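We count ligands from 1, going down the list as the structure has it; atoms in each ligand are counted the same way. The model shown is predicted, which means the values in this text are computed figures rather than measured ones.
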Amino acid sequence: MLIVQKYGGTSVANIDRIKAVAGRVAKTARQGHKVLVVVSAMSGETDKLINLAHQASSNPREREMDLLLSSGERVTSALTAMAVEEQGFKAMAFTGRQMGIITDTVHTKARIEKITGERAKKALDDGYVVVVAGFQGITEAEDVTTLGRGGSDLSAVAIAGALNADLCEIYTDVDGVYTTDPNIVPEARKLDKISYEEMLELASLGAKVLQTRSVEFAMKYEVPVVVRSSFNDNPGTLVTKEDEEMEKVVVSGVAYDKNQAKLTVMGVPDKPGIAARLFKGIAGSNIVVDMIVQNISSDGKSTDISFTVPKTESKKALRLTEDIARELGAGGVDLREDITKISVVGVGMRTHSGIAAQMFETLAKHGINIMTISTSEIKVSCLIDLKYTELAVRVLHEVFGLAYRIAK
Ligand code: ASP
Ligand code: MG
């Protein structure tokens, strides 16, 4: 088998951890598998480099930023290859460029366009363990790019897809994907298996085990991914295609996202083209809008539109929205940052009804007001007051029987 193993920042945080990683790689190689390793930078390293850049310049150019940031992963790839050699295996480290990871030109969040990987394939055939620096690629014009924060996950999944690997293991510091955040609910249960779609909802909702784009990629190319800990031998969580068994489980997880802010434009004229103008303006400055709610106008003349944006972009979005509101002849704009998006997710929702009602009822019973609701086929999300986050997560986890599913 060809196995891709990705090790995150905490798994390569120092030389001892890198030696432990090499031990695990050697163990897999000893079982007769070809192993391609993808590594992140040592934990904290990327933040440190970003910090240095901001000390050197008030507005560092993104091209140079990428060259700088890619160095963190270069360090760990070379060190890991050296440590694997110490275990008695031949090992060779590759940068993103040497791996033939070609991306578009959008610096700091580039998209992978293709992976050639010829040298790596040859090295694997020649019996080498291949260690690739994650998070980076190169444009056609040979500028170094990076793939966005957490991008080593994407490197690993994309390489696994391109090389037709049998498995892509993502090693991290938690045992896998949980029914909810174990810091809030200690009885949260580790899932043995989860579908790509559910994982996508959970990842984008702030269950930060896998980078969202890596899950999209895995789903598209059906790369089997296992999320597991590099600190023990527990089996982890398999992220894979949906099957019948998964559909029987109505709710797989409860997620929350505290990084949203809500903007409400009041007194928006109720006529065609208004929403288009508003959201075109916002999209134009690369702000990703999540939930959108437009109320029915009661007087037939004006209405309110609410939407959420990442908290980090809220000030920028507010300024922009105020400008557009003025232009449209709307009333004021209101910004709320003390909110949380709380969601229940499960592919079984496609075939079971009543989940939304049960969620609303549970929140109501605990005096938690719902500001905004949105749904998809496999998810119901509500915006609530930030201070009720923990309570809402606990009661929803409880009411959907997530901790004790087997006993029920
Ligand atoms: N080192 C990069 C980051 O911290 C990429 C990664 O770890 O996946 O975001
Ligand atoms: Mg990560």
Chemist: At their closest point, which heavy atom of T237 faces which heavy atom of K193, and how far apart are they?
Modeler: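 That closest heavy-atom pairing would be CG2-N, 4.1 Å.
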
Chemist: Under 3.5 Å between some N or O of ligand 1 and some N or O of E73?
Modeler: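 So ligand 1 has an N or O lying under 3.5 Å from an N or O of E73.
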
Chemist: Using modelled atom types and a 3.5 Å cut-off, is there a donor and acceptor pairing between side-chain atoms of R97 and backbone atoms of E142?
Modeler: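 No; zero donor-acceptor contacts below 3.5 Å.
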
Chemist: Between L202 and V209, is there a side-chain heavy-atom distance shorter than 4.5 Å?
Modeler: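 V209 does not reach L202 side chain to side chain.
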
Chemist: If you measure every N/O of G150 against every N/O of ligand 1, is any gap under 3.5 Å?
Modeler: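 Min N/O separation from ligand 1 is below 3.5 Å for G150.
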
Chemist: Quick check: D153 and ligand 1, any N/O pair under 3.5 Å apart?
Modeler: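 No; the residue has no nitrogen or oxygen that sits under 3.5 Å from a nitrogen or oxygen of the ligand.
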
Chemist: Please examine the side chains of T105 and D143, heavy atoms only from C-beta on, and report whether any two atoms are closer than 4.5 Å.
Modeler: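 Side-chain contact under 4.5 Å: no.
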
Chemist: Taking side chain as C-beta onward, heavy atoms only, is V157 less than 4.5 Å from L210?
Modeler: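 They are not in contact (no side-chain heavy atoms under 4.5 Å apart), so the answer is no.
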
Chemist: So is G9 in contact with ligand 1, going by heavy-atom distances below 4.0 Å?
Modeler: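 Flag not set, G9 not near ligand 1.
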
Chemist: Check E45 against ligand 1 and report side chain, backbone, both or neither, counting heavy atoms closer than 4.0 Å.
Modeler: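 No part of E45 is near ligand 1 at this cut-off.
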
Chemist: Please compare Q136, R149, Q211 and report which has the shortest non-hydrogen distance to atom 4 (O) of ligand 1.
Modeler: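 Checking each option, the heavy atom nearest atom 4 (O) of ligand 1 is found in R149.
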
Chemist: May I ask you to list the atoms of ligand 1 that are less than 4.0 angstrom from any heavy atom of S40?
Modeler: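 Going through ligand 1 atom by atom, the ones under 4.0 Å from S40 are 6 (C), 7 (O), 8 (O).
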
Chemist: What I want to find out is whether E322 reaches R319 closely enough, with some N-O distance under 4.0 Å, to be called a salt bridge.
Modeler: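 Between R319 and E322 there is no salt bridge, as every charged N stays at least 4.0 Å from the carboxylate O atoms.
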
